[in-house]
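Okay, structure first, notes after.
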Amino acid sequence: MTREEALDRSANVIPDEIDVYVDLANAISNDVAFYSKSTIRFQTKSPSIFVDLVAHNVEAVRVDGMPANFEVTDTRVVVNDLPTGRPVSLEIESHCKYSTTGEGLHRYVDPEDGSTYLYTQFEPTDARRAWACFDQPDLKPRWQFRVKAPSEWIVLSNQPEQSRTLDGAFAEVTFMRTPPLSSYITAVVAGPYARVDGGKWSGGAGDGGNTDISLGVYCRASLSQYLDAKDILTLTRQGLDFYHEHYGFTYPWGKYDQVFVPEYNLGAMENPGCVTFNEKMISRDTPTRAARQSRANVIFHEMCHMWFGDLVTPQWWDDLWLKESFADNQGSMGLTENTEFETEWATFASGRKEWAYKQDQLPTTHPIAADIPDVEAAKNNFDGITYAKGAAVLKQLVAYVGKEAFFTGAREYFQKHAFGATRMQDFLCALQEASDRDNLQDWARAWLETAGPSTLRVKRSEGGFMLEQESIDAISGQPALRPHRVNVGFYELQGDALVRTRLEEVTLAGRTLTLAAQGDYDLVLANDDDLTYALVELDENEVSTALRYVSTIANATSRAVVWSALWAGVRGARLNPRDYVNAVAEQVPAENDDAVASDLIANALDALLYYMATPERKIEAKRFANHAIDAIGRSQSQDRKREWAVAATRALNIAGSPTDDQMQFLRDLESANSPLLTVGPNLAWRARITLAALGAITRKDIALHLQADPSGEAEVFALQAISALPGRIERQKAWTRILEEDLANEKMSAILAGLSAGAIGHDATGFAGDFFDLAGQYWNSHTIGMGRRFVAGAYPRVIDANRPEEAAALRYMASWWISANESAPPALVRLMREAADNLERSFRIQTKWLTK
């Protein structure tokens with residue numbers, strides 16, 4: 001669907017109600033499709049409209065009870081001769097396919113107990129894979145769902161259950177009608193899910209409303225023993241408290257179910273009243289604090305969407321930031337202010353913003369308010385710019401207009417546009433009225449309509465300091481100076497600690513600003529407290545100081561900003577990645593924020609794998625693994641021990657040829673019996689994958705481990721381990737499965753991850769030739785979700801500048817594909833350009849430091 005088609009349909013169609021009936025009685029059979037019926041009530045100005053539907057077959061189409069004049073294509077039903085200017089009832093009966101790709105109605109069979117689980121996932125336009133509808137965000141009818149399913153199953157939808165009728169072994173469950181709702185956030189979940197009753201949350205939002213929200217948490221029955229529902233429900237209540245306090249609009253969706261589902265393509269989805277989460281957030285190992293904090297962020301993110309996104313929805317996907325940037329920002333703010341995770345802004349600086357900076361430096365960067373001509377383009381814009389850059393820019397906006405004005409504007413926005421669809425201008429108007437800033441349109445143009453990150457640096461001269469910004473619009477190539485409301489921190493070494501002794505709060509409106517500070521400081525931090533979105537550049541002496549003392553800075557967010565500046569130096573080829581990795585190894589054991597530590601360890605592993613060439617890569621990876629194993633022994637925290645253990649397994653995969661002590665460490669993890677830490681089943685499998693890549697275990701060993709742990713999680717880990725085994729024949733079998741079998745989404749990704757793990761250090765090009773020849777064919781013959789997984793997993797991302805012939809061949813293939821496939825689907829071309837650019841960055845960094 002194009003934006004123009006959607007706009008035209010919006011101009012002609014006024015939706016009212018839609019009744020959806022789905023028959024899932026055959027879900028536990030081998031049938032490929034289920035019966036679906038939509039009854040859509042609306043008015044139209046045009047006698048011919050299209051309804052979105054991707055069906056196995058269309059059985060009947062009726063208008064006001066009579067056979068209709070219609071045509072069926074792959075993605076829609078075109079209905080002709082419609083009466084105009086009066087209410088119309090359109091019925092469409094079809095069979096739609098069960099999915100194994102995470103798009104539409106996904107079906108999963110648990111290998112542990114044989115149970116079948118179903119859930120829907122639709123964003124941006126996959127509701128049409130389950131039922132006929134107007135599948136665009138600004139057409140918001142009121143929905144009522146009726147579902148037939150086995151009588152013992154849990155069946156959920158967006159609203160509370162209205163009635164349940166038993167029919168032998170089956171039940172028909174009817175749900176209450178929703179308020180006006182976009183199609184992509186409708187939901188049906190069905191299966192023998194385990195449920196934890198969370199009681200009720202009662203309250204209101206200062207708008208005169210009051211509600212009793214029933215809370216439920218669900219997951220697969222075989223996973224229920226690991227479900228830490230108490231933690232999830234505590235955060236849920238804290239989130240409802242936070243958003244009701246600030247948003248001034250009482251929650252309108254009736255209930256709040258949270259369902260953890262298998263083989264999920266995303267982290268979570270904000271279906272109102274029925275939020276779905278990736279079940280990987282339920283760990284079979286005891287979850288670390290960092291993992292709990294990450295899950296907490298997702299819980300708050302999705303809850304924010306109940307207002308930003310569900311209550312008020314972007315008219316089209318070019319304003320996707322109106323929900324995702326806000327949810328990313330508000331999730332971090334809510335955690336900081338209303339939960340135990342009070343240093344969440346530090347984690348945002350060390351993790352989410354790094355995703356944004358990386359995305360914003362690619363050749364495919366785009367403004368936050370993007371140009372999205374069609375749905376395919378929309379799928380690729382769920383990226384670091386729309387989420388994390390937008391969230392960082394909103395943090396700057398809050399600093400710019402003030403927190404009170406920001407929330408006053410938000411409350412006005414919700415009251416004025418409740419259950420409607422908006423554009424960027426609608427929110428800016430509400431904020432303009434609430435704040436004393438009279439230049440928000442200029443602010444929006446500078447921040448929302450340009451691309452690429454700003455760079456901030458502090459220049460020293462004769463005891464004085466000047467704050468400087470460099471900002472070029474990545475698309476136009478023209479200067480794009482942005483207003484930065486920032487804190488500049490001045491640090492001195494006092495003993496063995498970096499101590500902030502001065503702070504200047506300033507607004508940088510032009511290219512430079514003279515600061516008031518005088519004297520000699522050991523480090524001057526341009527974006528202390530991380531209020532704005534900008535790369536921070538340190539001078540050479542400051543880099544040396546930071547590498548030695550960053551962990552001694554008292555404030556977690558300030559530490560994260562310094563680490564971010566060092567990482568920017570690595571990616572900009574100004575800092576040797578070896579120095580960064582050594583700093584992580586030496587200083588992260590003293591880092592008291594677990595989530596920040598986790599992000600830094602991940603960066604160090606990326607530096608080893610992508611930014612170092614052999615033999616240094618192998619030498620430094622082996623050394624880092626030793627640091628990690630030593631840190632496990634010295635740490636008093638089981639959480640940190642587990643973080644370091646995962647890091648060690650990955651580093652040893654990169655290093656290859658482990659020492660006897662390192663091999664014993666892996667063997668102890670493999671057997672889940674280590675003297676250093678408690679080993680859960682998932683950590684044990686990570687060690688087995690590394691051992692498989694090293695050729696230290698066999699397919700038979702993997703099968704025995706799977707026999708002892710016959711879970712769905714283990715099945716995926718085992719696939720990854722088997723495909724990591726060395727040997728051309730084994731690897732060719734795995735690659736052939738990818739190309740020829742109809743694999744479920746996570747199984748395909750697991751096999752590709754195993755092939756990548758097995759290729760590190762000795763077979764870097766792997767199946768690169770096949771991949772570049774087949775990428776377009778695979779994309780065109782699969783859903784976009786599977787196509788994205790294929791490119792993400794099969795693209796040969798590891799290059800070695802110390803192997804010049806191999807590196808030249810890989811770079812040539814990457815460049816050749818782009819030049820030879822200009823007419824390929826734009827979404828695929830974008831992914832391939834991004835991967836090629838990352839490959840070139842890796843080669844450039846490696847080459848810079850190859851002889852140093």
Side-chain angles (χ1 to χ4, degrees), residues 314 317-322 324-325 328-329 348-349 351-374 376-397 424 443-456 469-484 527 532-537 564-565 567-573 606 610 788 791-792 795 797 814-815 817-818 822 824-845:
W317 301 107
D318 42 15
D319 276 315
L320 177 62
W321 77 281
L322 269 179
E324 297 302 348
S325 299
D328 239 32
N329 174 277
F348 180 81
R352 298 294 283 184
K353 280 185 77 174
E354 294 302 340
W355 177 31
Y357 291 141
K358 180 178 180 181
Q359 187 84 44
D360 214 9
Q361 294 177 79
L362 291 169
T364 56
T365 186
H366 58 84
I368 294 171
D371 177 31
I372 306 297
D374 55 39
E376 188 177 67
K379 288 217 173 189
N380 270 357
N381 259 50
F382 289 82
D383 61 14
I385 294 171
T386 301
Y387 281 70
K389 179 180 179 179
V393 168
L394 286 175
K395 187 178 183 185
Q396 171 64 191
L397 178 61
M424 173 176 69
W443 185 94
R445 279 190 290 271
W447 278 110
L448 303 178
E449 298 177 13
T450 61
S454 303
T455 298
L456 297 181
Q469 76 161 306
E470 179 183 319
S471 190
I472 302 295
D473 184 355
I475 295 175
S476 70
Q478 299 300 308
L481 298 179
R482 298 165 179 138
H484 295 273
N527 184 27
T532 196
Y533 174 80
L535 298 169
V536 172
E537 195 171 293
S564 178
W567 185 236
V570 172
R571 286 181 39 81
D606 280 354
Y610 299 117
R788 287 170 58 86
V791 173
Y795 198 101
R797 298 173 188 274
S815 176
W817 192 95
I818 294 168
E822 293 179 355
L828 172 60
V829 172
R830 173 179 169 173
L831 294 176
M832 298 293 277
R833 288 182 66 203
E834 291 176 350
D837 188 77
N838 286 328
L839 201 65
E840 286 297 314
R841 183 181 291 270
S842 295
F843 183 77
R844 186 164 61 248
I845 295 170

Positive for side chain to side chain contact (heavy atoms under 4.5 Å, CB included) with Thr532, one of Val393, Leu456, Leu397: Leu456
Tell me every residue that passes side-chain hydrogen bond (donor to acceptor under 3.5 Å, both in side chains) with Glu324, counting only those two or more places apart in sequence or in another chain. His301, His305, Tyr387
Nearest-0.5 Å distance, [atom1] of residue [X] to [atom2] of residue [Y]:
{"X": "Gln396", "Y": "Trp443", "atom1": "CD", "atom2": "CH2", "value": "7.0 Å"}
{"X": "Lys353", "Y": "Asn527", "atom1": "NZ", "atom2": "CG", "value": "5.5 Å"}
{"X": "Leu828", "Y": "Glu376", "atom1": "CG", "atom2": "CD", "value": "8.5 Å"}
{"X": "Asp318", "Y": "Met424", "atom1": "CG", "atom2": "CE", "value": "9.5 Å"}
{"X": "His366", "Y": "Thr386", "atom1": "NE2", "atom2": "OG1", "value": "4.5 Å"}
{"X": "Gln469", "Y": "Leu535", "atom1": "CD", "atom2": "CG", "value": "12.0 Å"}

Checking side-chain contact (heavy atoms from CB on, under 4.5 Å) for the pair Glu834/Arg830: CA distance, chi angles, key distance, verdict? CA-CA 6 Å; Glu834 291 176 350; Arg830 173 179 169 173; 2.9 Å; yes
Between Thr364 and Arg833, do the side chains contain an N or O donor and an N or O acceptor separated by less than 3.5 Å? no
Among Arg482, Arg445, Gln478, whose side-chain hydrogen bond (donor to acceptor under 3.5 Å, both in side chains) with Thr450 holds? Arg482
Residues in ring pair (Phe, Tyr, Trp, His ring centres under 6.0 Å) with Tyr357, at least two apart? Tyr533
Side chains of Glu537 and Glu470: closer than 4.5 Å at any heavy-atom pair? no
I'd like to know whether Asn381 forms a side-chain contact (heavy atoms from CB on, under 4.5 Å) with Ile372, so could you lay out the CA-CA distance, the side-chain angles of the two residues, the decisive distance to 0.1 Å, and finally the verdict. CA-CA 8 Å; Asn381 259 50; Ile372 306 297; 3.3 Å; yes
Does the plane of the ring in Trp317 sit parallel, tilted or perpendicular to the ring in Phe382? Use 30° and 60° as the thresholds. tilted
What pair of heavy atoms forms the shortest contact from Arg352 to Ala388, and how long is it? O-CB, 3.1 Å
